[in-house]
*Asks:* 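Supplied in structure tokens, the structure appears directly below.
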Amino acid sequence: MAAFNFTLSDPSIFILMGIPGLEAARIWISIPFSMFYFISLFENFTILFVVGKEQTLHKPMYLLFCMLALTDIGMSTSVMPKALCIFWFNLKGITVGGCFTQMFFLHVVSGMKSVILVIMAFDRYVAICNPLRYTTILTNSRIAKLGLVGLTRAVLIVLPGPLLLSRQPFCANRIIPHTYCEHIAVAKISCGDITVNRMYGLVVTFVVLGLDLMLIALSYGLIIRAILRISSKQAHQKAFSTCTTQICVILTSYASYFFSNLTHRLGQGIAPHVHIILANFYLLIPPILNPIIYGIKTKELHDKVGKYICRI
């Protein structure tokens, strides 16, 4: 308790409370959290290993799968190690610099993931609507350049968040009722005016991610129109099958993000521990589901993963 009081009075330290109201059950809560985290790491590193080893998988679609796997690893890893330290060892202190760094990294990776989902939708659009030019329009080097542009966009969009917060005054209350340094959760403990921070968060959520969703919807709208013009039933099924994988990935990623974000901002009647559990599940569930969706829906990847599993 003395150490906690000392840390609480230290102006360079924030306190992450974990899940308020469920402190007594933190060990039990850590079991599913740690299981989900380690399973997601295993699945996503398996995708990276198999695609890296198999020359036949060195194609734009599988490069996008690898980029998505890296963002899933980055999102969960930016949060879960610290969260597990809180659950297992009651290590709640985090430096102000460490808090802002965690926030920056988490939101940059989230923004990068959104860009990758847009590129994946464009990839399917070209593959179905302009298949003869697919290999010339979407090369591995072009995908890598698009990924670099997406990373630059994410950094430029996310950077104002920690910078705005670093200028806010933090008075006696330095306790963050969360497992990680989420932007609005940190802003709420400031004793200054956080109107700009709130507006910034809403603009990023609805304008930037809204634009990404519009581009994805446009791509799949054009894809559906092209599919409906195909007379062959077999061609219909093949075209829908190539899109189903990425639509599932998009739904799991965006649905969990918006549900978690909106309940945190607007769901005033929802208990705080529910907000925090949902926010953590947003970082854990998609990274588990995405590799499973690839494995089931993408036969070539499924066969290669199966080959390595059989060898083991």
Side-chain angles (χ1 to χ4, degrees), residues 43-44 46-48 50-52 54-75 109-154 208-230 235-255 257 286-287 289-305:
E43 291 177 350
N44 285 289
T46 299
I47 295 289
L48 293 172
V50 172
V51 174
E54 291 293 330
Q55 195 70 29
T56 56
L57 298 181
H58 293 180
K59 301 173 184 177
M61 183 172 71
Y62 297 107
L63 179 59
L64 286 169
F65 285 172
C66 287
M67 291 166 70
L68 192 62
L70 285 171
T71 61
D72 282 338
I73 292 169
M75 284 176 65
V109 177
S110 299
M112 183 63 189
K113 182 175 183 177
S114 184
V115 172
I116 292 168
L117 293 175
V118 173
I119 300 171
M120 290 172 76
F122 179 66
D123 169 81
R124 290 302 86 200
Y125 163 73
V126 175
I128 292 171
C129 299
N130 206 345
L132 297 179
R133 296 186 60 202
Y134 178 81
T135 54
T136 56
I137 294 174
L138 285 174
T139 60
N140 285 350
S141 62
R142 189 159 291 168
I143 291 291
K145 288 175 184 175
L146 287 172
L148 185 60
V149 170
L151 179 60
T152 304
R153 188 197 80 158
V208 178
L209 295 185
L211 176 63
D212 289 349
L213 276 173
M214 285 175 58
L215 292 172
I216 290 169
L218 176 64
S219 296
Y220 281 104
L222 294 172
I223 288 169
I224 291 169
R225 188 181 70 173
I227 290 172
L228 293 176
R229 290 178 177 175
I230 301 171
H236 269 185
Q237 291 176 347
K238 185 176 180 182
F240 272 120
S241 178
T242 60
C243 294
T244 305
T245 303
Q246 293 179 11
I247 290 173
C248 290
V249 170
I250 288 164
L251 287 175
T252 58
S253 299
Y254 279 114
Y257 172 80
L289 292 180
N290 292 346
I292 295 172
I293 294 168
Y294 307 150
I296 293 172
K297 288 290 184 180
T298 312
K299 186 178 185 304
E300 193 175 5
L301 181 60
H302 177 273
D303 293 342
K304 298 298 183 184
V305 172

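The basis for the numbers below is simple: all heavy atoms, side chains too, and nothing from hydrogens, waters or symmetry mates.
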*Asks:* State whether the number of non-hydrogen atoms from other residues, nucleotides or ligands found under 6.0 Å of Y125 atom OH is greater than 12.
*Replies:*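 No, the 6.0 Å shell around OH holds no more than 12 heavy atoms from other groups.
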*Asks:* Could you measure the distance from the CD1 atom of I128 to the OG atom of S219? Nearest 0.5 Å is fine.
*Replies:*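 Those atoms lie 10.5 Å apart.
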*Asks:* Check side chain to side chain contact (heavy atoms under 4.5 Å, CB included) between V50 and all other residues, then give those that pass, not counting sequence neighbours.
*Replies:*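 Per chain and number, V50 pairs via side chain to side chain contact (heavy atoms under 4.5 Å, CB included) with T46, E54, L57, L301, K304, V305, Y308.
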*Asks:* State the CD1-CG distance between I227 and L222, to the nearest 0.5 angstrom.
*Replies:*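 I227 CD1 to L222 CG: 11.0 Å, rounded to 0.5 Å.
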*Asks:* Check whether any side-chain heavy atom of L117 lies under 4.5 Å from a side-chain heavy atom of D212, and answer yes or no.
*Replies:*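 When only atoms from C-beta onward are counted, D212 and L117 do not touch, as no gap falls below 4.5 Å.
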*Asks:* Please report the interatomic distance OG1(T136) to CZ(R142), rounded to the nearest 0.5 Å.
*Replies:*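 CZ of R142 is found 7.5 Å from OG1 of T136.
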*Asks:* Under a 3.5 Å distance rule, please check whether R124 uses its side chain to pair with a backbone N or O of Y220 as donor and acceptor.
*Replies:*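 Such a contact is absent between R124 side chain and Y220 backbone.
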*Asks:* So, the side chain of T71 versus the backbone of L68: is there a donor-acceptor pair under 3.5 Å, distance only?
*Replies:*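 Present.
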*Asks:* Testing the basics here: between V115 and G150, what is the closest heavy-atom pair and its distance to 0.1 Å?
*Replies:*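 Of all heavy-atom pairs spanning V115 and G150, the closest is CG1-CA, 3.5 Å.
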*Asks:* Looking at every non-hydrogen atom in both residues, tell me the closest pair between T56 and E300 and how far apart they are.
*Replies:*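 Taking T56 first and E300 second, the nearest heavy atoms are O-OE2, 3.6 Å.
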*Asks:* With heavy-atom distances below 4.5 Å as the criterion, would you say the side chains of I47 and N290 are in contact?
*Replies:*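 I47 does not reach N290 side chain to side chain.
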*Asks:* Please round to the nearest 0.5 Å and tell me the distance separating atom OG1 of T298 and atom CZ of F65.
*Replies:*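 T298 atom OG1 to F65 atom CZ measures 4.0 Å (nearest 0.5 Å).
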*Asks:* Check whether any side-chain heavy atom of D72 sits under 4.5 Å from a side-chain heavy atom of K113, and report yes or no.
*Replies:*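 Touching, per the 4.5 Å side-chain cut-off.
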*Asks:* Under 3.5 Å, is there a donor on one side chain and an acceptor on the other for D123 and Y134?
*Replies:*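 Distance-only check passes for D123 and Y134.
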*Asks:* Side chains of E43 and P287: does their closest heavy-atom pair fall under 4.5 Å?
*Replies:*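 The answer is no, as the side chains (C-beta and beyond) never meet within the 4.5 Å cut-off.
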*Asks:* Nearest heavy-atom pair of I143 and P60: which atoms, and what distance?
*Replies:*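 That would be CG1-CB, 3.8 Å.
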*Asks:* Write down the atom of P291, the atom of N44, and the distance for their closest heavy-atom approach.
*Replies:*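 Residues P291 and N44, closest heavy atoms: CG-OD1, 3.4 Å.
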*Asks:* Working to the nearest 0.5 angstrom, can you tell me the gap between L211 CG and I216 CD1?
*Replies:*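 One finds 10.0 Å between CG of L211 and CD1 of I216.
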*Asks:* Check whether any side-chain heavy atom of L70 lies under 4.5 Å from a side-chain heavy atom of M112, and answer yes or no.
*Replies:*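 They are not in side-chain contact.
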*Asks:* When you look at NE2 of H58, are more than 12 heavy atoms from neighbouring residues, nucleotides or ligands closer to it than 6.0 Å?
*Replies:*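 Above 12, so yes.
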*Asks:* Tell me the closest heavy-atom pair linking C129 and A226, and the distance in Å.
*Replies:*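 Scanning both residues, the minimum pair turns out to be SG-CB, 3.6 Å.
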*Asks:* Under a 4.5 Å cut-off applied to non-hydrogen side-chain atoms, are F122 and L138 in contact?
*Replies:*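 A side-chain contact under 4.5 Å exists here.
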